[in-house]
Number of protein chains: 2
Amino acid sequence: MQGQHLRNAGLKVTSPRLKILEVMESSDERHLSAEGIYRALLERGHEFGLATVYRVLAQFEGAGLVDRHNFEGGMSVFELADRSHHDHMVCLETGKVIEFVNDRIEQLQEEIADRHGYTIEDHSLVLYVRPKSS
Amino acid sequence: MQGQHLRNAGLKVTSPRLKILEVMESSDERHLSAEGIYRALLERGHEFGLATVYRVLAQFEGAGLVDRHNFEGGMSVFELADRSHHDHMVCLETGKVIEFVNDRIEQLQEEIADRHGYTIEDHSLVLYVRPKSS
DNA sequence: ATGTATGCAAAACATTTGCACCTGG
DNA sequence: CCAGGTGCAAATGTTTTGCATACAT
């Protein structure tokens with residue numbers, strides 16, 4: 001049961017939190033907007049306020065349970081932080097999100113920050129792409 | 001005169017447009033928010049509506065005169081598109097923005113997109129950093 | 001003259017917050 | 001019981017838009 005995840009994060013086990021976790025775990029889309037989660041909850045018969053969804057997601061983010069991404073288009077998308085680090089490729093035609101990792105890029109980023117006297121706290125790499133026409 | 005830039009972009013040469021270009025060219029900060037530009041204009045005695053600033057920036061973006069970036073923090077920053085491509089490092093302590101280029105990273109990105117059957121239309125790489133404490 | 005630009009106020013949008021009420025442990 | 005969570009509505013902050021007026025060419 002994911003109730004444990006919540007307890008481990010120091011969060012009370014409540015219905016909104018459990019259901020939101022459930023939606024994020026079982027959704028086809030790994031990357032969901034707050035609104036998307038809100039609608040998915042409705043479809044499953046759970047009517048929580050949108051404000052609650054936002055609050056829960058913010059707490060989850062703070063607890064390291066989810067990552068928030070700010071892709072273009074003005075709204076945040078959230079994904080379960082159940083995998084190791086990766087970056088994103090967003091298809092501009094279909095909206096599809098592809099994940100990828102490249103250790104060499106990660107390493108180069110570290111080197112660049114280091115060279116300037118900084119350490120990386122966080123980073124965001126997003127490729128906006130289109131299917132090859134060929 | 002930068003009036004030519006505007007004409008080349010197919011835009012009428014108007015006072016707001018000229019002054020906004022001027023501010024962006026002469027500001028200490030290369031990366032400005034719409035509000036920041038609005039305030040800089042006021043300081044120079046030009047009172048245009050904030051809506052105009054946004055509209056002009058949107059047109060400039062469309063014309064390729066400026067780039068818009070969506071760093072964390074909810075608001076866009078704009079910079080003159082007068083340099084070749086580069087990525088950004090944002091200091092979380094000071095808000096300072098450092099630009100950098102790394103051809104190897106650029107190349108790796110191309111390879112990754114290509115490997116997945118896509119071509120890159122645009123990309124965003126931002127490192128959120130802190131000064132090395134050492 | 002005439003198609004665009006602008007100004008202002010109002011709308012839109014995603015997100016956050018205040019506060020009274022509920023609930024998990 | 002009581003700290004903390006939730007619902008709702010209202011506030012927020014950024015950006016966009018509608019419409020009447022002003023301007024560049």
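First the proteins, then the strands, lettered A, B, ... as listed; each starts at 1.
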**Request:** May I ask you to say what A:Ser33 touches in the nucleic acid, namely base, sugar-phosphate or nothing, with a heavy-atom cut-off under 4.0 Å?
**Result:** nothing
**Complete:** If each end axis of the helix from C:dA1-D:dT25 to C:dG25-D:dC1 is fitted on five C1' pair positions, the angle between them, to 10 degrees, is 30°
**Message:** Can you list everything that forms a side chain to side chain contact (heavy atoms under 4.5 Å, CB included) with A:Ser15? Sequence neighbours excluded, please.
**Reply:** A:Lys19, A:Phe48
**Prompt:** What distance separates A:Asp87 CG from A:Ile98 CD1, expressed to the nearest 0.5 Å?
**Reply:** 13.0 Å
**Request:** Give the intermediate values and the outcome of side-chain contact (heavy atoms from CB on, under 4.5 Å) for residues A:Val126 and A:His69.
**Result:** CA-CA 10 Å; A:Val126 187; A:His69 305 292; over 6 Å; no
**Asked** CD1 of B:Ile120 to CZ of A:Arg130: how many Å apart, nearest 0.5 Å?
**Response** 13.0 Å
**5' to 3' contact window, DNA chain C with chain A (heavy-atom distance under 4.0 Å)** = C:dA14 to C:dG25
**Request:** Can you measure from CD (A:Glu22) to OG (A:Ser27) and round to the nearest 0.5 angstrom?
**Result:** 12.5 Å
**Message:** For a 4.0 angstrom threshold against heavy atoms of chain B, report the outermost contacting nucleotides of DNA chain D in 5' to 3' order.
**Reply:** D:dT14 to D:dT25
**Fill in**
The salt bridge (charged side-chain N to carboxylate O under 4.0 Å, His left out) partners of B:Glu61 (sequence neighbours excluded) come to B:Arg68
**Asked** Is there a residue in residues 8-17 of chain A whose heavy atoms reach under 4.0 Å of DNA chain D, and which residues are they?
**Response** A:Lys12, A:Thr14, A:Pro16, A:Arg17
**Message:** Quick check: closest heavy atoms across B:Val23 and B:Ala40, and the distance to 0.1 Å?
**Reply:** CG1-CB, 3.7 Å
**Asked** What pairs meet the ring pair (Phe, Tyr, Trp, His ring centres under 6.0 Å) rule with one or both residues in residues 104-133 of chain B, with sequence neighbours excluded?
**Response** B:His85-B:His123
**Message:** I need the B:Asn70 CG to A:Phe71 CZ distance, nearest 0.5 Å.
**Reply:** 12.5 Å
**Complete:** Those residues at least two apart in sequence (or on a different chain) that pass side chain to side chain contact (heavy atoms under 4.5 Å, CB included) with B:Ala9 are B:Leu11, B:Ala63, B:Leu65
**Request:** Only counting residues at least two apart or in another chain, list the ones meeting side chain to side chain contact (heavy atoms under 4.5 Å, CB included) with A:Glu99.
**Result:** A:Arg30, A:His31, A:Glu79, A:Arg83, A:His86, A:His88
**Asked** Yes or no on side-chain contact (heavy atoms from CB on, under 4.5 Å) for B:Leu32 and B:Phe78, after CA distance, side-chain angles and deciding distance?
**Response** CA-CA 5 Å; B:Leu32 296 161; B:Phe78 301 83; 5.6 Å; no
**Prompt:** Are B:Val129 and B:Ile105 co-members of a hydrophobic cluster defined by side-chain heavy atoms under 4.5 Å apart?
**Reply:** yes
**Request:** Write out all pairs satisfying side-chain hydrogen bond (donor to acceptor under 3.5 Å, both in side chains) with one or both partners inside residues 36-50 of chain A, taking only residues at least two apart or from two chains.
**Result:** A:Ser26-A:Arg44
**Prompt:** Looking at DNA chain D, which of residues 55-75 of chain A put a heavy atom within less than 4.0 Å of it?
**Reply:** A:Arg55, A:Val56
**Item:** 5'-most by nearest nucleotide on DNA chain D - B:Arg7 or B:Ser76
**Value:** B:Ser76
**Message:** Taking side chain to side chain contact (heavy atoms under 4.5 Å, CB included) as the definition, give me every residue that meets it alongside A:Glu111, ordered by chain and number, with sequence neighbours left out.
**Reply:** A:Arg104, A:Gln107, A:Leu108, A:Arg115
